[in-house]
Novice: 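The structure follows.
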Number of protein chains: 2
Amino acid sequence: MNIQEPGGAGATRRVRLADVAAAAGVSTSAASFVLNGRTDQRIPEETKERVRRAAEELGYRPNATARTLRTGTSGAYAFVSDFISSTSVANAMVRGALRELDAHGALMFAVETQGNADMERRLIEQLVDRHIDGVIYASMFTRHVAIPELPAGVRLVLLNCLPPAGVADRGVTAVVPDELGAGRAAAQVLLTAGHRDRIAFLGSFPDGMSGGQEWGGLHPLALDLRVQGITARLAESGLALAESIPVTGWDIADGQAAAETLVGAALPSAIICANDRLALGVMRALRRYGVRVPEDLSLVSFDGSQLADITDPPLASLALPLEGMGRHAALRVLEDAPSPTVELLPMPLGRTGTIAPPPLP
Amino acid sequence: MNIQEPGGAGATRRVRLADVAAAAGVSTSAASFVLNGRTDQRIPEETKERVRRAAEELGYRPNATARTLRTGTSGAYAFVSDFISSTSVANAMVRGALRELDAHGALMFAVETQGNADMERRLIEQLVDRHIDGVIYASMFTRHVAIPELPAGVRLVLLNCLPPAGVADRGVTAVVPDELGAGRAAAQVLLTAGHRDRIAFLGSFPDGMSGGQEWGGLHPLALDLRVQGITARLAESGLALAESIPVTGWDIADGQAAAETLVGAALPSAIICANDRLALGVMRALRRYGVRVPEDLSLVSFDGSQLADITDPPLASLALPLEGMGRHAALRVLEDAPSPTVELLPMPLGRTGTIAPPPLP
DNA sequence: GTAAGCAGTGCTCCTTATTGG
DNA sequence: ACCAATAAGGAGCACTGCTTA
């Protein structure tokens with residue numbers, strides 16, 4: 001609430017601690033003490049009550065800026081991401097982090113570096129100038145990142161990214177999806193449906209081509225781990241991938257083109273696609289050629305994007321638990337001393353509309 | 001950069017203005033004066049240079065918290081939205097606002113009220129406690145909103161929403177999409193393609209049913225305006241909608257169900273759908289019944305969501321200029337005194353894959 | 001013409017003073 | 001006269017900008 005400036009013609013001023021103290025007839029120190037609920041100094045309940053009532057009646061709200069200047073902590077955190085992506089990847093992680101931070105009374109700065117190191121440095125400086133308590137450093141795809149430099153006391157949690165390869169992880173907290181486990185789960189769901197030696201993988205790159213694996217000079221980790229998980233699970237059942245279908249990109253059209261090379265020859269009984277966009281392209285190609293999904297061919301993919309919900313039938317996809325990742329990162333960064341560990345979050349399987357037993361030969 | 005605390009065993013401290021002043025051999029006032037580039041007081045160039053060099057060498061960064069406490073302005077803004085939506089609506093607006101704010105050196109708090117008035121009040125209080133300079137108040141769908149209470153000096157811009165109906169707009173700045181113009185454009189593109197008296201609208205609600213128009217007790221404005229725009233443009237050519245096809249919801253399945261009622265009877269030559277999700281449902285139903293889009297039937301819709309890009313053929317949709325809306329809102333809120341006007345942003349037509357001349361009867 | 005001095009921003013917390021028993 | 005219990009005092013956080021020398 002506001003206070004009439006004595007002598008001021010209608011000018012008002014925000015209520016401050018001194019006003020509360022004056023109204024309660026105590027010193028500002030005592031008022032501060034009471035309102036912060038400290039107990040290491042004794043103040044009689046009657047006095048405390050007077051202070052609390054005065055604060056209530058005046059509509060007192062502490063000035064967070066002054067408190068921050070004094071204490072060095074702000075209760076504000078920064079979500080620093082490379083891209084507030086046009087896909088909704090960032091969106092879901094931001095939402096998770098935001099909700100968890102809010103649940104703890106903290107505020108969140110959102111910041112986008114656009115993958116630019118200078119911009120990142122500049123933004124982090126701006127944030128540090130404002131005494132943020134911690135940084136959630138997020139990448140739009142899983143990869144190794146350079147650890148941003150932060151002053152002591154500003155906590156850091158990596159979200160959907162890991163410390164530089166080869167560097168010991170000591171001291172860094174990270175939250176990433178369990179891509180290896182997802183690869184295993186993709187194989188598992190097909191094995192359970194009865195598929196055996198006619199399972200194909202679509203989404204690797206032709207020999208000599210690294211354009212898709214290297215993205216802007218960066219190396220996404222998901223693809224390799226997904227494939228590792230798949231082959232590991234198949235190997236446990238004495239099986240192997242029947243075929244690995246290369247693609248020349250990551251998008252719908254690439255999946256469609258790759259799938260069209262298959263038609264005519266003997267089809268696999270199931271295809272595991274590297275991501276949802278490829279899978280959508282595959283579905284489109286198969287439909288054109290009269291191959292029914294899942295009756296003639298089963299399909300599993302990764303990401304759990306919104307695409308998976310709008311295909312017909314709904315695509316079986318191992319979902320990146322984006323909101324959960326955001327939440328977990330927030331929980332870590334709120335900790336006094338974040339445990340320096342890599343937290344793997346499971347990737348659940350959503351709908352299973354594209355999975356059926358293999359067709360009879 | 002940091003400074004060795006004299007006598008401290010390795011303890012360092014952030015460089016402050018006093019350190020710069022001492023290094024340059026001037027007072028803190030003079031240093032402040034120089035570093036803020038003020039010109040209403042004369043200081044010889046030589047002294048200025050000494051101060052600047054000292055700041056540079058020490059790696060001085062001003063303490064934003066102290067400056068905010070002193071000046072009352074923070075260079076931080078808040079993006080307050082009802083939902084950091086699961087659709088990517090918010091995402092694009094946030095991105096636009098964020099990029100524009102960053103371009104002006106400002107930081108942005110992101111905040112989600114979940115449509116809850118108490119939560120909104122609490123969050124805005126928290127933000128005001130931190131001396132934010134302004135609020136971008138966004139809604140995920142166009143509607144009238146109650147104006148949040150803010151102290152004098154904190155600017156407000158409404159994004160994708162308008163002041164309460166019937167209340168004079170005076171003093172409030174708002175940025176909204178031009179839904180009326182989009183309705184006109186939808187009709188126009190069909191007229192240009194040669195459609196005349198067999199244009200249908202899909203997406204109104206059956207008589208007596210307001211569930212879709214009222215959403216959580218709130219009234220989206222887009223539907224009415226879109227229809228108004230369509231009928232106005234048709235009327236100018238002496239035409240009217242051939243038919244209005246009701247739906248029972250806003251989603252893919254609703255569009256699909258509504259379109260299935262059509263098949264068998266005489267089809268319209270074109271359907272304007274209230275939004276992309278409905279249009280996708282319509283496409284799905286038509287494909288099932290062998291109606292080709294756009295050869296047998298043209299389709300236009302609204303929103304310009306990601307859905308429109310992934311249909312086959314790509315859906316003609318009048319796009320909500322979400323990122324642009326975010327940018328414009330940011331530009332308004334950065335102004336000293338935002339012009340109290342409603343800014344209408346055009347909704348451009350993207351791809352036109354679902355538009356063709358009407359089939360011969 | 002140059003630049004230092006110092007009050008003020010609102011809060012926290014350490015140090016000191018004043019009571020009453 | 002001494003010790004709790006209670007509360008006031010005031011420095012300090014880093015900066016800006018008016019006033020003064």
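Proteins get letters first, then strands, A, B, ... in listed order; numbering begins at 1 in each.
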Novice: Among C:dA3, C:dC11, D:dA14, which nucleotide has an atom closest to any side-chain atom of A:A66?
Specialist: C:dC11

Novice: Are A:T71 and C:dC11 close enough that a side-chain N or O sits under 4.0 Å from OP1 or OP2?
Specialist: no

Novice: In whole Å, I'd like the distance from the CG atom of B:L17 to the P atom of D:dA14.
Specialist: 11 Å

Novice: Round to the nearest Å and state the distance from A:R14 atom CZ to C:dG8 atom P.
Specialist: 21 Å

Novice: Between D:dA14, D:dC15, D:dT6, which nucleotide has the shortest distance from any of its atoms to the side chain of B:P62?
Specialist: D:dC15

Novice: Rounded to whole angstrom units, what separation is found between the NZ atom of A:K48 and the C1' atom of D:dA5?
Specialist: 13 Å

Novice: Any idea which of D:dA8, D:dA7, C:dC11 is nearest the A:V26 side chain?
Specialist: D:dA8

Novice: Is any NZ, NE, NH1 or NH2 atom of the basic residue among B:D118 and B:R121 found under 4.0 Å from an Asp or Glu carboxylate oxygen of the other?
Specialist: yes

Novice: Output the rounded distance in Å from CZ (A:F33) to C1' (D:dA8).
Specialist: 14 Å

Novice: Please report the distance, rounded to the nearest Å, between NE2 in B:H131 and P in C:dG10.
Specialist: 7 Å

Novice: Going by atom types only, do A:T71 and A:R67 share a side-chain donor-acceptor pair under 3.5 Å?
Specialist: no

Novice: Tell me which of B:L69 and B:S29 sits closer to the 5' end of DNA chain C, going by the nucleotide each one is nearest to.
Specialist: B:S29

Novice: Could you pick out which residue, A:T28 or A:R50, lies toward the 5' side of DNA chain D when each is mapped onto its nearest nucleotide?
Specialist: A:R50

Novice: Calculate the interatomic distance between A:L58 atom CG and C:dG10 atom P; express it in whole Å.
Specialist: 15 Å

Novice: Taking 4.0 angstrom as the limit, do B:E112 and A:R95 come out as a salt bridge?
Specialist: no

Novice: Salt bridge check: are A:R155 and A:E335 linked by an N-O gap of less than 4.0 Å?
Specialist: no

Novice: B:Y60 side chain N/O closer than 4.0 Å to the phosphate oxygens (OP1, OP2) of D:dA14?
Specialist: no

Novice: Are B:R52 and B:E56 ion-paired here, with the side-chain N under 4.0 Å from a carboxylate O?
Specialist: no

Novice: Using whole Å, what does the distance between atom C1' of nucleotide C:dT9 and atom CG of B:D129 come to?
Specialist: 15 Å

Novice: Judged by each residue's nearest nucleotide on DNA chain C, which is more toward the 5′ side, B:T47 or A:A18?
Specialist: B:T47

Novice: Is B:S27 side chain donor-acceptor paired with the C:dG5 base, going by distance under 3.5 Å alone?
Specialist: no

Novice: Side-chain N or O of B:R16 versus OP1/OP2 of D:dA14: is the shortest distance under 4.0 Å?
Specialist: yes

Novice: Just the rounded figure in Å: distance from C1' of C:dC13 to CG of A:L35.
Specialist: 15 Å

Novice: Scan A:T68 against the nucleic acid and name what it touches under 4.0 Å (heavy atoms): base, sugar-phosphate only, or nothing.
Specialist: nothing

Novice: May I ask you to say what B:I43 touches in the nucleic acid, namely base, sugar-phosphate or nothing, with a heavy-atom cut-off under 4.0 Å?
Specialist: sugar-phosphate

